[in-house]
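Notes for the one structure printed next.
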Amino acid sequence: MTLTERDTVLASTDPEIARLIGAEEDRQRDKIRLIPSENYVSKAVLEATGSVLTNKYSEGYAGKRYYEGNQLIDEVETLAVERAKALFGVDHANVQPYSGSPANLAVYFAFAQPGDTVMGMALPMGGHLTHGAAPTLSGRWMNAVQYGVRRDTGRIDFDEVRDIAKQNRPKIIFCGGTAIPRTIDFPAFAEIAKEVDALLVADIAHIAGLIAGGAHPSPVGYAPVISTTTHKSLRGPRGAMLMSDEAHSEPLDKAVFPGLQGGPHDHTTAAIAVALKEAATEDFKTYARQIVANAKALAEGLLARGFDLVSGGTDNHLILIDLTNKEITGKKAAKALDRAGIELNYNTVPFDPRKPFSPSGIRLGTPAITSRGMKETEMSHIARFMDEAVEAAKRKDDDAIDAIFGEVKELTSAFQAPGLS
Ligand code: DSN
C-alpha cells in the first residue's frame with residue numbers, strides 16, 4: 001500500500017502532495033535504483049526525520065545554546081556526536097552541516113582565506129564540485145589547482161598529485177570525490193600533504209558506509225579533517241558531518257556555527273543518530289561487504305558484455321562506464337535505462353571529449369539495491385537488462401525497452417525496500 005492509497009492526515013490535508021509522495025514511493029519500489037549516492041533509509045530514520053524536532057531552534061552546541069528549551073535536543077545531538085566518534089574512531093564530530101557542500105565550505109572557512117591555494121580532484125576526473133571546480137565558490141574565491149587520473153589506468157597518479165602540490169603549495173588538499181571506482185589511498189595523500197605542509201581533508205561522502213562497515217580503509221590517522229554526507233552508503237537522512245582530531249575541532253565548529261549556518265536541523269540530527277546506531281551493528285558490516293561484492297559482480301557482468309569500465313573495474317560501490325565503444329552517449333543511455341526501470345546518471349568520464357550536459361559515460365552503484373537484499377545473482381540479471389536496454393536504445397526500439405521494465409518490476413517486486421510501506 002502506498003501513501004496515495006492510505007487514509008493519512010497528509011492525504012486529507014494536501015492530496016496533491018500525498019499523491020506525488022505515494023507515486024514516488026511506487027517509483028522507488030518498482031525501479032532498480034543504481035545512483036551510487038542514493039539509498040533507502042530505514043523506517044526508524046524516516047520516523048526521526050518526520051518528528052516534532054523539526055519545530056525547534058537550537059543555535060549553538062549542546063550546553064551552549066542561544067535559545068531556551070534545548071534540554072532534550074542537547075541529549076539528541078550529544079548522542080549523534082558520541083555515536084559518530086565511536087563509529088569512525090575520531091576525536092571530534094560536528095553533526096550540524098546541512099549537507100556535503102556546506103560542510104566543505106565550512107572547511108575552507110575554518111582553514112583558508114579567499115585567494116589561498118587549495119587542491120582537489122577535478123570534477124570530470126571524479127572529484128566533487130566543492131573541491132575547486134571553476135563555477136563554484138571554491139573555484140572562484142580560492143586559487144584552486146586540480147589533479148586527475150592517469151589516462152592509461154584511470155587511477156589517481158600520485159606523481160602528478162605530488163608535482164602539483166609541490167609547485168603550488170596548497171593550504172588544503174582534498175581527497176575523495178563522486179566518481180572514483182577505486183580504493184582511496186589515504187596514506188599516499190597524507191605523505192604528500194606532509195611534504196608540502198598542507199591540511200589533508202578526506203571527503204568520504206560516497207564511502208562513509210563502507211568505512212563504517214570495514215569494507216574500505218579509514219582515513220583516520222591520515223586526514224586530520226574528514227567530511228561526509230550522511231545519506232549515501234551510510235544510509236542516514238540528508239545531512240552531513242565534519243570529523244577531526246582535537247587540534248582542528250574548534251575552528252571547524254566555529255566555521256559551521258556561527259560562521260556559515262544558523263539553527264541546526266534537529267530532526268535530521270536525530271535521524272543521523274539513528275543511522276549511526278544502525279551502522280554500528282554486525283548487520284551493517286555484512287551490508288557494507290555485500291555492497292562491494294555486488295559492485296564487483298555487476299562490473300564483471302558488464303565487462304563480459306563489452307562495457308568499458310573506467311579503471312577496468314571497481315573496488316568499492318561505484319562503477320563508471322565509458323560508452324564510447326558502444327556508440328551511444330551517456331545521456332541517451334541513461335534516459336533509455338530509466339525508461340527500462342534502471343535508474344542511474346549520465347556522467348563525464350576522465351578526458352571526456354564531450355560536454356558535462358551530454359557526456360560519454362554513465363555512473364552507477366550498489367548501495368540502494370544492496371539495501372533491498374539483492375546479491376550476486378541479481379547483479380547478473382541487471383547487467384543483462386542494462387546491455388539489452390542500451391542495444392534497444394541504439395535501435396530506437398521503445399517496445400523492447402518497455403518490455404525490459406516488465407522484467408525489472410518482476411525482479412524488484414521480490415525484494416522489499418527498507419522504509420517503504
Ligand atoms: N550529488 C552527489 C553525488 O551524486 O555524488 C555528490 O554530492
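As the structure lists them, so they are numbered: ligands from 1, and atoms in each ligand from 1.
Screening Q261, E77, E59 for a side chain to side chain donor-acceptor pair (under 3.5 Å) involving Q96 leaves a single residue, E77.
The pair E47-K43 fails the salt-bridge criterion, with no side-chain N (NZ, NE, NH1 or NH2) lying under 4.0 Å from an Asp/Glu carboxylate O. Under a 4.0 Å N-O distance rule, the pair E278/R83 does not qualify as a salt bridge. One finds a salt bridge joining R339 and D402 here, because a Lys/Arg side-chain nitrogen approaches an Asp/Glu carboxylate oxygen to under 4.0 Å.
In this structure, R363 counts as a contact residue of ligand 1, since one of its heavy atoms falls inside 4.0 Å of the ligand.
Scanning all protein heavy atoms for the shortest distance to atom 5 (O) of ligand 1 gives H206 NE2, 2.7 Å. For atom 2 (C) of ligand 1, the closest non-hydrogen atom on the protein side is K232 CE, 3.9 Å.
Using a 4.0 Å cut-off to heavy atoms of S37, the atoms of ligand 1 that qualify are 3 (C), 4 (O), 5 (O). Within ligand 1, counting atoms from 1 as listed, the ones closer than 4.0 Å to a heavy atom of T178 are 5 (O), 6 (C).
With a 4.0 Å heavy-atom cut-off, ligand 1 is reached by no atom of H231.
In this structure, Y287 contributes its side chain and A279 its backbone to no donor-acceptor pair below 3.5 Å.
Note: an N/O pair closer than 3.5 Å links H128 and ligand 1 by distance alone.
Side-chain atoms of I321 and V310, non-hydrogen and from C-beta on, never get closer than 4.5 Å to each other.
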